[in-house]
Every structure is written in structure tokens, then in C-alpha cells.
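Inspection log for the structure reproduced underneath, given as C-alpha cells.
The residues of the chain are indexed from 1 along the displayed sequence.
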Amino acid sequence: MEAKFFRFLKIVGVGFKARAESEGRLLYLKLGYSHEVELTVPPAVRVFCFKNNVVCCTGIDKQRVHQFAAAVRSCKPPEVYKGKGIMYTDEVIKKKAGKKSK
């Protein structure tokens, strides 16, 4: 399969990890929940994990690649106070200030 479209996801957080198994057909995510999140990859998409915190979704159909990347991101979207979660590599998170102490 020749890959034309890519979408890179970055996982930020202590203990957050990802791993791909069975030739890119399954994606396992450890996101701080009591269980691992298991995602089945659609047929037109392949998933690779370069490190345990960088995930690459690739395929020949742009819509399916981006839709699966959005589904992965929705498992733990980035939060605005600490910046933890799953975000695209080109995404910029504007952090909010927390409570001000007197």
C-alpha cells in the first residue's frame, strides 16, 4: 500500500503511551484510565508508533486518515490548563492561567 496522506499525533502526559500491534491493525493507548483503550484501525488506514508518544496515521484516503486521527484524539483531547492529552504535532494549545492566589 502506498501511503500518500499522513497525520501525526503527539501524546503528552506522564505515563501516557501508545503501541500498535498486528501490522498496524490495532492501537492500544494508555491514557491514565484504569484500563487500556483499544482502537481497531479501519482497512484503508495504517498506524505506526515511532516512539511510545508519537503515533502516525497513514493511508491513501485522506478523509479516512483524518477521521481516524480525530477518533484517536477524542480519546483524550488536550486540556487547556496543563496541556496534557493527545494533540496533532502542528497543533498549538493556548494554556489558561489557573486560579490566582491572594
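- Here the NE2 atom belonging to H35 is positioned 12.5 Å from the NZ atom belonging to K30, to the nearest 0.5 angstrom.
- Residues F5 and R64 form no side-chain contact, since every pair of their non-hydrogen atoms from C-beta on lies 4.5 Å or further apart.
- Cation-pi contact between K76 and Y33: present, with separation from the ring centre below 6.0 Å and deviation from the ring axis of at most 45°.
- In this structure the side chain of L39 never reaches within 4.5 angstrom of the side chain of L26, judged on heavy atoms.
- Between I11 and V55 the shortest side-chain heavy-atom distance falls below 4.5 Å.
- Looking at heavy atoms from C-beta onward, T58 lies out of side-chain contact with V45 at the 4.5 angstrom threshold.
- The same ILVMFWY cluster, assembled from side-chain heavy atoms under 4.5 Å apart, contains both V37 and L9.
- Between F68 and R7, every side-chain heavy-atom pair lies at or beyond the 4.5 Å cut-off.
- Counting only heavy atoms from C-beta outward, the side chains of L27 and C49 approach each other to under 4.5 Å.
- To the nearest 0.5 Å, atom CD of residue E36 and atom OH of residue Y28 are 7.5 Å apart.
- Hydrophobic clustering (ILVMFWY, side-chain heavy atoms < 4.5 Å, transitive): L31 and Y88 are in one cluster.
- With a 4.5 Å cut-off on side-chain heavy atoms, I86 and L29 count as touching.
- The two atoms that bring C57 and V65 nearest to each other are O-CG1, 3.6 Å, heavy atoms only.
- Atom NZ of K4 is separated from atom CD1 of I60 by 8.0 Å, given to the nearest 0.5 angstrom.
- The other members of the hydrophobic cluster of M87, by chain and number, are V12, I93 (side-chain heavy atoms under 4.5 Å, ILVMFWY only).
- Between E91 and R73 there is a salt bridge, with a side-chain nitrogen of the basic residue lying less than 4.0 Å from a carboxylate oxygen of the acidic one.
- Taking the salt bridge (charged side-chain N to carboxylate O under 4.0 Å, His left out) definition, one finds that E21 meets it with R19, sequence neighbours left out.
- Clustering of Ile, Leu, Val, Met, Phe, Trp and Tyr side chains at separations under 4.5 Å places F6 together with F8, F50, V54.
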